[in-house]
Q: 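Dumping the structure here so I can ask a few things about it.
Excluded from the calculations below are hydrogen atoms, water molecules and symmetry mates; all remaining heavy atoms, backbone and side chain alike, are included.
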Amino acid sequence: MVVHIVEDDEAVADALAIALEDLDHHPITYKDAESFFAGGIPSSDDWVIVDIGLPDRCGTDVVRELMGLPTPPSILAISGKSRVNLLQQIRELPGLKILRKPLSIDMLTAAMAHKAIV
């Protein structure tokens, strides 16, 4: 299983990749949505961890595009946005699993233990 990490903060992306490698996953990091989609379509066995606050397009747009795939991957959103801003952005995605930054290994493993929305 590949875990695609779409996160513009290099330190956060790197920390997630290291943690996921330690859990025997194969992480690939992307600095923005454009580079993620240029890398190809993830399989239904993959996970996509996407930051809601990406620089080139909103992470919720990425989630919608992934959900529109015939066989979408598991999706996990992350965000450092305030609760009010976050709730406004995800109101059309009520089943979206979101982890708030700062993240912990326990938060990540618990979230990935359950299939996220597809």
Q: Between Ile5 and Pro27, what is the shortest heavy-atom contact and its length?
A: CD1-CB, 4.0 Å

Q: Please tabulate, one pair per line, all N/O donor-acceptor pairs under 3.5 Å involving side-chain atoms of residues 16-24, not counting sequence neighbours.
A:
none

Q: So Val6 and Val48, do their side chains get closer than 4.5 Å, heavy atoms only?
A: yes

Q: Does Asp46 reach the main-chain N or O of Val3 with its side chain, forming a donor-acceptor pair under 3.5 Å?
A: no

Q: With sequence neighbours excluded, what pairs up with Asp61 under the salt bridge (charged side-chain N to carboxylate O under 4.0 Å, His left out) test?
A: Arg64

Q: Of all residues at least two apart in sequence or in a different chain, which pass the side chain to side chain contact (heavy atoms under 4.5 Å, CB included) check with Arg91?
A: Gln88

Q: Any heavy-atom pair between the side chains of Trp47 and Pro42 that's under 4.5 Å?
A: no

Q: What I'd like to find out is whether the side chain of Asp56 reaches to under 4.5 Å of the side chain of Asp8, using heavy atoms alone.
A: no

Q: Indicate yes or no: at least one non-hydrogen side-chain atom of Ile78 is less than 4.5 angstrom from one of Ile52.
A: no

Q: Kindly give the heavy-atom pair with the smallest separation between Tyr30 and Phe36, and that separation in Å.
A: CD2-CA, 3.4 Å

Q: Calculate, to the nearest 0.5 Å, the distance between atoms CG and CD belonging to Asp32 and Glu7 respectively.
A: 11.5 Å

Q: Decide yes or no for Glu65 and Val63: does some side-chain heavy atom of the first lie under 4.5 Å from some side-chain heavy atom of the second?
A: no

Q: With clusters defined by side-chain heavy atoms of hydrophobic residues (ILVMFWY) lying less than 4.5 Å apart, directly or transitively, does Ile105 cluster with Val12?
A: no

Q: Quick one, Ile49 with Leu99, criterion side chain to side chain contact (heavy atoms under 4.5 Å, CB included). Give me CA distance, side-chain angles, the key distance, then yes/no.
A: CA-CA 10 Å; Ile49 299 174; Leu99 297 181; over 6 Å; no

Q: I need the minimum non-hydrogen distance between Arg100 and Arg83, along with the two atoms involved.
A: NH2-N, 3.9 Å

Q: Is the shortest distance from a Lys or Arg side-chain nitrogen in Asp51 or Lys101 to a carboxylate oxygen in the other one below 4.0 Å?
A: yes

Q: So how far is it from Lys97 NZ to Ile90 CD1, rounded to the nearest 0.5 Å?
A: 13.0 Å

Q: Indicate the atoms forming the closest heavy-atom contact of Ile75 with Met67, along with that distance.
A: CD1-CG, 3.8 Å

Q: How close do Leu54 and Arg57 get, counting heavy atoms only, and between which atoms?
A: CB-O, 3.1 Å

Q: Indicate yes or no: at least one non-hydrogen side-chain atom of His25 is less than 4.5 angstrom from one of Met1.
A: yes

Q: How far does OG of Ser74 sit from CG of Leu66, to the nearest 0.5 angstrom?
A: 10.5 Å

